[in-house]
Amino acid sequence: MGVNSQTIASSIIDPTDWVEYAARKHPHRSFLRTPAGRQLSYEALHEQSARLASALMRRGVACGDRVAARVEKSPEAVLLYVACLRMGAVFVPINVASSPNEVDYLLRDSSPRIAIVPPGERAVLAALADRAGIQCVETLGADGEGSLSELTRLCDPERKSMGPHDAGSPAAIVYTSGTTGQSKGAILTRANLASNATVLAEAWRFTGQDVLMHTLPLFHIHGLFAAINTVLASASSILLLPKFELHSALKHMSEVTVFMGVPTHYTRLLQDRGLNREATAHMRLFVSGSAPLLIETHQEFLRRTGHVILERYGMTETLINASNPYDGPRVPGSVGPPLPGIAVRVTNRDSGAVEHKSDVIGTLEIAGPNVFAGYWRDAEKTSAEFTADGWFKTGDLARIDRNGYLHIAGRVKDLVISGGCNVYPREVESELDALPGVAESAVFGAPHPDFGEGVTAVIVPEAGAVLLEAQIIESLSARLARYKVPKRVLLVAELPRNAMGKVQKSALRATYACLYRAS
Ligand code: AMP
C-alpha cells in the first residue's frame, strides 16, 4: 500500500464529481468529438454514461464488479469507461490487438462479471469467456453498434448507485505490459485517478478552453487516465482520433490546443515538412511520455515549431509521477521534478540505502496518493514491490540532479553488467544518438564468454546515411570509458517496439543471445 494513499484519499474529490460538475456548469460544452462528426456535450456524456450504467446493471454488474472491455477506440469505449467510473464498477481495459492466449489469461485472471467485445469477435471470445467462467458477454462496436448499445437504448439513465463511492475502492485494473513474464493487474483506486488528474490539470494549466488531440490507445494509462481524466477534471474537450496517423494529426492540429504523444509520434511528425511554426501556431502544449524522448527530437522540434516539448514520466502502477514544469525550464533528457504531493527517492541498487547526494544513479522509489493499491490477487508480488517503509519500487534507475529534476537511466533489468562494471544503456544511447547519421539506437547486454554481458548496440541509420561499425566504435571510444563502449554495433531497419512505442529490450536480448558465443 502506498504511504499516503489512505490518508489523502478521504480529502480528494471523486472522479464522478467531474462529470456531475461539468454537466451542471457547462452542459453544452463539447466533451468529445470525432472527425467523422460525432459530438458529445458534457450533458450528453452525463446522460449517455448513466444509460450505459443502467444497461450494465441490467446485466448484473454491481458496484465493485469488474468489467472487462476489449473494445475498439471510439466514443462508445470512452462512454463505457465513464459509465464504470460513475457506477463504481472496476474497468479492466484489454488491448484489442492482444492474442487469444493473452485474452484467455486476462479474462481468467481478472474474472469479470461481464466481458464486452467487438461484435465480430463474439463467437471466438464467448467461448474463451465461457471457459473462464464469465456468464455475460456483450458486444460493442466502434460504430456504436452491438448488443450492449441495443440494450442501452432501452434503458433509462441510472440515477441511484452513481456515488458517492469510497475513495480507496478500485476504479480500474490495468495490466502491465509484461515485457518479462506474465503481465500483472495493477489495481488503481478512485483516489489514485482523482489525485493524479487534479494535479496534472493544474500542472499543465488545463482550462475549459482546451481541446486535446487524442491519438493514444485506451488500454494504457497514458491515453486512458493522463489524457481523458485530465480533460474531465478540467471540463475541457477531446478531439478523438482512432490512432496516431501522421497526416491526420497534422490536418487536425489547427483544431486543438494540446497534444499528448509518445516519442515515436514526435519523430514521425518531424519527418513531415508540414510540421512547422504555422501548423502549430495556436498550440498551447505538447506533452511526451511513456518512453524516453531523445534530446535530438526535443531540440529539432523546438527548431521547427518554436515549441518546447514537455516531457513527463509515469507508469501503470503510479500514473504520472514527474513532469517538466509548465513555467520554468523544460530540460531535455530529464522528466522534471516530482509532481506536487508525490515523493521520490533514489536508493542504492545493492544495499537499498537512500542516496542523499544528487546525481547518483540508483533505484527509483515513489510514495504518494498516486501509488496503486497492489497487484490483483497477488499479495506476494505486491509486497515484493514495496519497501518495508511503504515506498513503491519502480524498477527504474534514475538520478536526481541538484535542481531536483529526475533523469531516468532505464529499467533495472536492462542494466548491463559487463566485466563487473555497471553500464547504463541510456548513457551509451545518448552518445550514439548524437553521432551524425544515427536516427536512433538501443543498447542492451548480450551473454559474453569473458565479460558476462557484452555491451551491444543496434542502431537505425538516418535515411541515406552510410555507417560503419568500426567507425562508430572508434567515435564512442573517444567519448566513453572503455567498458561502456559497445563490443558490437549492428545496423537495423527499425527497433522492436510495443504499442506504446517502448523499445522491447527483452526482444533484442533474445535475438542476439548467441552473438558472442565462442565459435
Ligand atoms: P508502463 O507501465 O507501460 O506505462 O511503463 C512504464 C515505464 O515506462 C516506466 O517505468 C519507465 O521505464 C518508462 N517511461 C515512462 N515515461 C518515461 C520517460 N519520460 N522517460 C523514460 N522512461 C519512461
Side-chain angles (χ1 to χ4, degrees), residues 93 95 97-98 172-181 183-188 192 196 200 204 216-227 260-267 286-295 297-298 309-325 330-339 342 344 346 361-366 370-372 375 381 385 392-400 405-415 424-427 429-430 433 440 442-444 495 497-506:
N95 183 351
S98 46
I173 297 178
V174 181
Y175 280 80
T176 56
S177 24
T179 45
T180 51
S183 67
K184 292 270 170 273
I187 306 168
L188 292 151
N192 292 149
N196 211 237
L200 290 179
W204 295 342
L216 293 158
L218 292 180
F219 55 82
H220 186 267
I221 59 136
H222 196 168
L224 193 54
F225 303 138
M260 288 184 195
V262 298
T264 25
H265 295 166
Y266 288 99
T267 48
F286 287 92
V287 180
S288 175
S290 293
L293 182 76
L294 296 185
I295 293 178
T297 309
H298 192 282
I309 299 173
L310 181 152
E311 186 172 7
R312 80 347 168 244
Y313 159 73
M315 61 196 307
T316 306
E317 291 90 336
T318 63
L319 307 176
I320 311 304
N321 297 306
S323 166
N324 272 283
R330 299 180 193 168
V331 176
S334 164
V335 294
L339 285 158
I342 297 175
V344 298
V346 165
I361 296 181
T363 312
L364 183 67
E365 296 176 355
I366 308 267
N370 56 318
V371 176
F372 75 138
Y375 293 104
K381 168 110 174 126
E385 301 305 328
F392 174 63
K393 303 180 206 165
T394 61
D396 285 319
L397 292 163
R399 67 183 168 89
I400 304 173
Y405 279 47
L406 271 173
H407 298 252
I408 307 299
R411 302 287 299 159
V412 175
K413 64 180 173 12
D414 293 334
L415 177 72
Y424 299 101
R426 186 83 194 269
E427 185 188 356
E429 286 159 4
S430 300
D433 296 336
E440 53 182 358
V443 170
F444 58 98
L495 302 178
R497 292 184 191 275
N498 72 5
M500 292 309 294
K502 278 187 231 294
V503 177
Q504 302 301 84
K505 299 239 168 142
S506 52

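Numbers here simply count residues along the sequence, with the first being 1. Just so you know, ligand 1 is whichever comes first in the structure, and atom 1 is the first atom listed for that ligand. Predicted model only: the values in this text are computed from it and were never measured.
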Under 4.0 Å, heavy atoms only, figure out whether ligand 1 is touched by the backbone of [X], its side chain, both or neither.
{"X": "H222", "result": "neither"}
{"X": "K502", "result": "side chain"}
{"X": "S290", "result": "backbone"}
{"X": "V335", "result": "side chain"}

Below 3.5 Å, N or O to N or O, backbone or side chain included: is there any such pair between [X] and ligand 1?
{"X": "S288", "answer": "no"}
{"X": "E311", "answer": "yes"}
{"X": "H220", "answer": "yes"}
{"X": "R411", "answer": "yes"}

*Please confirm whether K184 makes a cation-pi placement over Y375, using NZ or CZ under 6.0 Å from the six-membered ring centre and within 45° of the ring normal.*
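No, K184 does not lie over the aromatic ring of Y375.
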
*Say whether T176 and ligand 1 are in contact under the criterion: heavy-atom distance to a ligand atom below 4.0 Å.*
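No; T176 lies far enough from ligand 1 that no heavy-atom distance drops under 4.0 Å.
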
- Message: List the residues meeting side chain to side chain donor-acceptor pair (under 3.5 Å) with D396, not counting sequence neighbours, and say none if there are none.
- Response: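 Residues passing side chain to side chain donor-acceptor pair (under 3.5 Å) with D396: Y313, R411.
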
Checklist entry - Got a sec, which residues hit side chain to side chain donor-acceptor pair (under 3.5 Å) with R426, two or more places apart in sequence or on another chain? => result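 R426 satisfies side chain to side chain donor-acceptor pair (under 3.5 Å) with no other residue.
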
Subject >> Selected option - heavy-atom contact closest to atom 15 (C) of ligand 1, from G395, G410, G314, G289 >> reply: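 Shortest heavy-atom distance from atom 15 (C) of ligand 1: G314.
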
Just wondering, do I320 and I342 contact through their side chains at under 4.5 Å, heavy atoms?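 Heavy-atom side-chain distance check fails, nothing below 4.5 Å.
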
